Undergrad: 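Supplied in structure tokens, the structure appears directly below.
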Amino acid sequence: MLHDVGALLAMRVTRRAAVLVLACSAAVLGGPPSARAATATLNARVPMSDGVTLAATVTGQAPLSARPVIVEFSPYGPASATTYDGTAYNYLLVQIRGTGESDGRFDALGPTTQRDMEQALHWACHEPWSDGRLGLNGFSASAITVYNSLHLRLPCVRTAVLRSGTFELYRDLLWPGGVSNAIPGLGVLGLIGAPAAAAALSHLERNPVSALDSAIGLTDAGLSGGLEHPTLDSWWRDRGFRGDVNHLPILMLDSFFDVESRGAFQAFQALRGDGAHLLVVGAHDGAPAGTDDGSGATKAWFDHYLRGEDDGILRQPRVQLMLADGDREDYLAGHFVRYSARDWPVPGTRWRSLWLSARRSGSGNSINDGSLVARRPGASTTQSYAAIPTEASMTDQPNTGIVGPDGVNQAAETFPLLTETGLAEPQALTYTTAPLRQDLLSAGPAALDLRLSSTARETAIWAVISDVWPDGTSHPMATGRLLSSYPRIDRGRSLTDGRGDVVQPYGDYSAKSVAPQGTARDYQLEFWPIGDRFKRGHRIRVVILGASGASQPSAPAVNSVSLGGPAGSRLLLPALPTP
């Protein structure tokens with residue numbers, strides 16, 4: 001600990017260091033103007049124990065008085081708050097160190113940012129506009145900050161609502177399966193850097209050193225996260241969940257199609273003992289038409305834990321899922337299946353073993369047109385494909401989701417092939433079931449047990465699970481990724497089913513193990529949670545192909561997959577119990 005209570009009280013911002021502005025602007029809070037009376041905004045600078053000051057903004061109904069406070073820590077500059085839950089609350093936005101208008105050096109949501117969060121919350125707890133009841137709100141980076149900081153005691157915090165966000169920054173966003181997710185990583189840095197650049201003049205006027213610190217911090221974050229730490233080392237462990245001493249009840253929201261979807265599911269499993277709820281409705285990719293995007297549950301959650309209201313939120317099912325109904329675009333258009341449960345993975349889930357077979361399915365337009373079958377094929381064989389970059393919108397469901405609302409979704413309405421796997425399949429291996437005889441509700445992690453060799457020393461193994469419609473179109477539902485240098489898993493942290501099969505492998509990315517060229521090895525790919533109703537008459541397909549163009553490219557290679565016999569490959573797909 002770098003501070004004590006006395007030091008924090010001494011650092012409290014004085015009234016003369018803050019500027020009080022009365023406004024009637026709806027832009028500050030991001031909701032309908034008619035729903036809100038006159039608002040007051042208080043801009044302050046919050047000193048940290050090392051002398052750095054963070055920019056903070058408090059907004060609430062005028063006049064500002066002691067109320068419960070919803071707090072968000074954001075790297076995206078001023079006016080980047082992501083919730084408004086009524087006039088009963090005040091809202092505090094703290095700009096993270098080295099971002100936006102805050103001084104200091106950005107440390108990629110690491111230990112310094114985490115200590116800043118602890119100190120800023122202590123400050124907020126004792127300000128006159130706070131009644132001592134704080135709730136944390138987070139979306140994406142602000143949610144990551146909370147998950148990363150739960151090992152520290154967070155003063156006065158009663159609860160949190162966290163949408164999307166990673167539980168482990170390495171495996172949940174930037175290096176899934178040990179494969180560099182380069183393009184999204186650079187995009188995030190760009191979004192963080194833009195507000196900091198816009199505030200450069202004020203940095204120079206107030207603290208010239210701060211402007212240089214901000215630039216160095218953002219550069220260091222890019223180099224460290226993208227080049228200097230390719231394995232899951234202590235640098236990355238400092239930027240992930242390291243335990244929870246606060247025991248906060250947390251509402252987690254996410255989507256099956258989100259760029260960070262894995263995080264909320266893992267967080268729920270780790271924190272469910274403290275009263276967590278999981279609502280899978282939408283995140284970066286948007287929410288289905290006809291839903292409220294989880295805003296009603298968010299408001300009810302804060303009202304219950306910050307104001308003591310008996311609004312029924314805790315009588316809701318612990319896990320509420322909105323499954324796709326065969327297609328991501330249809331899901332966003334409002335065609336989905338509701339499913340509720342008391343836990344995740346859903347109790348009673350069975351993982352079906354679907355073996356990769358060389359037998360032609362008659363449904364594919366790929367190199368091999370193989371089949372997925374219920375029994376392990378007796379004969380052994382291998383099939384090969386060229387591991388070359390593929391179009392991300394067709395083969396990279398998580399990264400497609402993050403840019404979907406920015407035009408990809410609209411383009412897909414006119415050009416459906418843009419987000420289907422059909423055009424990518426001629427250069428891939430495909431394995432497809434016969435038409436289903438009845439609906440299959442599939443929700444949970446999935447895995448691909450694969451025996452593979454490569455002509456390259458290192459290759460990105462990439463696989464997609466698709467829902468194949470009766471018209472032959474192939475719609476991606478989940479993506480699996482693994483760098484061939486990481487064949488090992490931590491079985492103790494992997495999820496196994498009742499038969500002892502590993503259905504969610506927890507990859508060991510601490511050190512590489514490069515295979516000699518042409519040497520076949522066993523791999524276990526993790527698919528992030530899938531949520532789909534495969535309808536009667538549809539087929540299930542596994543597509544094995546080159547890595548998405550959104551990832552850091554590996555050397556072109558020819559990869560060969562083993563089928564049948566003792567070394568046969570298979571898909572482990574979750575099947576929900578009939579509701």
Side-chain angles (χ1 to χ4, degrees), residues 31 35 67-71 82-89 131 133-139 143 146-147 150 154 156-165 167 244 246-256 258 261 263-283 287-325 331 334 336-349 441 443-444 529 531 533 574 576-579:
R67 302 185 182 100
V69 182
I70 296 176
V71 187
T82 59
T83 192
Y84 176 75
D85 293 294
T87 56
Y89 301 98
D131 68 1
R133 292 176 290 177
L134 307 181
L136 297 174
N137 179 69
F139 184 8
V146 176
Y147 286 134
L150 290 174
L154 304 179
C156 301
V157 176
R158 304 287 185 86
T159 190
V161 176
L162 304 179
R163 185 187 294 270
S164 190
F167 197 58
D244 176 27
N246 299 278
H247 303 294
L248 302 176
I250 300 177
L251 172 63
M252 292 113 177
L253 300 97
D254 214 331
S255 162
F256 287 112
D258 189 64
S261 65
F265 293 94
Q266 297 305 111
F268 174 80
Q269 292 176 81
L271 303 173
R272 56 191 163 195
D274 297 321
H277 279 214
L278 175 64
L279 174 58
V280 183
V281 58
T291 70
D292 69 353
D293 198 19
S295 60
T298 297
K299 177 171 172 42
W301 193 266
F302 280 132
D303 285 348
H304 176 77
Y305 282 106
L306 295 183
R307 301 178 62 218
E309 292 191 4
D310 182 13
D311 51 22
I313 187 64
L314 297 190
R315 293 188 288 276
Q316 295 285 329
R318 292 283 299 276
V319 175
Q320 299 178 68
L321 310 174
M322 296 187 186
L323 312 181
D325 206 16
Y331 173 79
F336 57 87
V337 179
R338 294 182 184 270
Y339 195 101
S340 297
R342 67 179 186 274
D343 204 356
W344 177 269
V346 173
T349 299
L441 291 176
R533 175 170 69 171
L576 295 180
T578 302

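All values below come from the heavy atoms of this structure, side chains included, with hydrogens, waters and symmetry mates left out. No experiment lies behind these values; they were computed from the predicted model shown.
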Undergrad: Check the side chains of Asp254 and Ser261 for a donor-acceptor pair under 3.5 angstrom, ignoring hydrogens and angles.
TA: no

Undergrad: May I ask you to say whether Arg163 pairs ionically with Asp293, meaning some side-chain N is under 4.0 Å from a carboxylate O?
TA: yes

Undergrad: Examine distances only and state if a side-chain atom of Thr159 and a backbone atom of Pro249 form a donor-acceptor pair shorter than 3.5 Å.
TA: yes

Undergrad: Could you grab the distance from atom OH of Tyr147 to atom CD of Gln266, nearest 0.5 Å is fine?
TA: 10.5 Å

Undergrad: Is a donor from one side chain sitting under 3.5 angstrom from an acceptor on the other, for Thr298 and Asp85?
TA: no

Undergrad: Side chains of Tyr89 and Asp303: do they bring a donor and an acceptor to under 3.5 Å?
TA: yes

Undergrad: Mind checking the CZ-CG spacing from Phe268 to Leu251? Nearest 0.5 Å is all I need.
TA: 10.5 Å

Undergrad: How many angstroms lie between NE2 in His247 and CG in Leu271, if you round to the nearest 0.5 Å?
TA: 10.0 Å

Undergrad: Ignoring hydrogens, what is the shortest heavy-atom contact between Ala443 and Trp344? Give both atom names and the distance.
TA: C-CH2, 3.8 Å

Undergrad: Quick check: closest heavy atoms across Leu248 and Val157, and the distance to 0.1 Å?
TA: CD2-O, 3.5 Å

Undergrad: Step by step, work out the side chain to side chain contact (heavy atoms under 4.5 Å, CB included) result for Leu136 and Leu154.
TA: CA-CA 10 Å; Leu136 297 174; Leu154 304 179; 4.0 Å; yes

Undergrad: Kindly indicate, with the supporting measurements, whether the criterion salt bridge (Lys or Arg N to Asp or Glu O under 4.0 Å) is fulfilled by Lys299 and Asp292.
TA: CA-CA 11 Å; Lys299 177 171 172 42; Asp292 69 353; over 6 Å; no

Undergrad: Using modelled atom types and a 3.5 Å cut-off, is there a donor and acceptor pairing between side-chain atoms of Arg318 and backbone atoms of Arg272?
TA: yes

Undergrad: Applying side chain to side chain contact (heavy atoms under 4.5 Å, CB included), run through Leu253 and Val161 and close with a yes or a no.
TA: CA-CA 8 Å; Leu253 300 97; Val161 176; 3.5 Å; yes

Undergrad: Can you name the closest pair of heavy atoms from Pro347 and Pro577 and give their distance?
TA: O-CG, 3.5 Å

Undergrad: Do the side chain of Asp244 and the main chain of Asn246 share a donor and acceptor less than 3.5 angstrom apart?
TA: yes

Undergrad: Identify, with sequence neighbours excluded, every residue that meets ring-ring contact (aromatic ring centres under 6.0 Å, His included) alongside Trp301.
TA: His277, Tyr305

Undergrad: Would you name the heavy atoms of Ser164 and Asp258 that are closest together and state the gap between them?
TA: OG-OD2, 2.6 Å

Undergrad: Between Leu323 and Asp325, does the side chain to side chain contact (heavy atoms under 4.5 Å, CB included) criterion hold? Intermediate values first, please.
TA: CA-CA 6 Å; Leu323 312 181; Asp325 206 16; over 6 Å; no

Undergrad: Looking only at atom types and distance, does a side-chain atom of Asp343 sit under 3.5 Å from a main-chain N or O of Val346, one as donor and one as acceptor?
TA: no

Undergrad: If you look at every heavy atom in Thr349 and Leu576, which pair is closest and at what distance?
TA: OG1-CD2, 3.6 Å

Undergrad: The test is side chain to side chain contact (heavy atoms under 4.5 Å, CB included); show your working for Ile70 and Tyr84 and say whether it passes.
TA: CA-CA 9 Å; Ile70 296 176; Tyr84 176 75; over 6 Å; no

Undergrad: State whether Arg307 and Asp131 are salt-bridged, where the test is any N-O pair (Lys NZ or Arg NE/NH1/NH2 against Asp/Glu carboxylate O) under 4.0 Å.
TA: no

Undergrad: Taking all non-hydrogen atoms of both residues into account, name the closest pair between Pro288 and Met322 and its distance.
TA: CG-SD, 4.4 Å

Undergrad: Distance from Met252 atom CE to Gln269 atom CD, nearest 0.5 Å?
TA: 10.0 Å

Undergrad: Measure the acute angle between the ring planes of Tyr331 and Phe336, then classify it against the limits of 30° and 60° as parallel, tilted or perpendicular.
TA: perpendicular

Undergrad: Under 3.5 Å, is there a donor-acceptor pair between the side chain of Arg133 and the main chain of Arg158?
TA: no

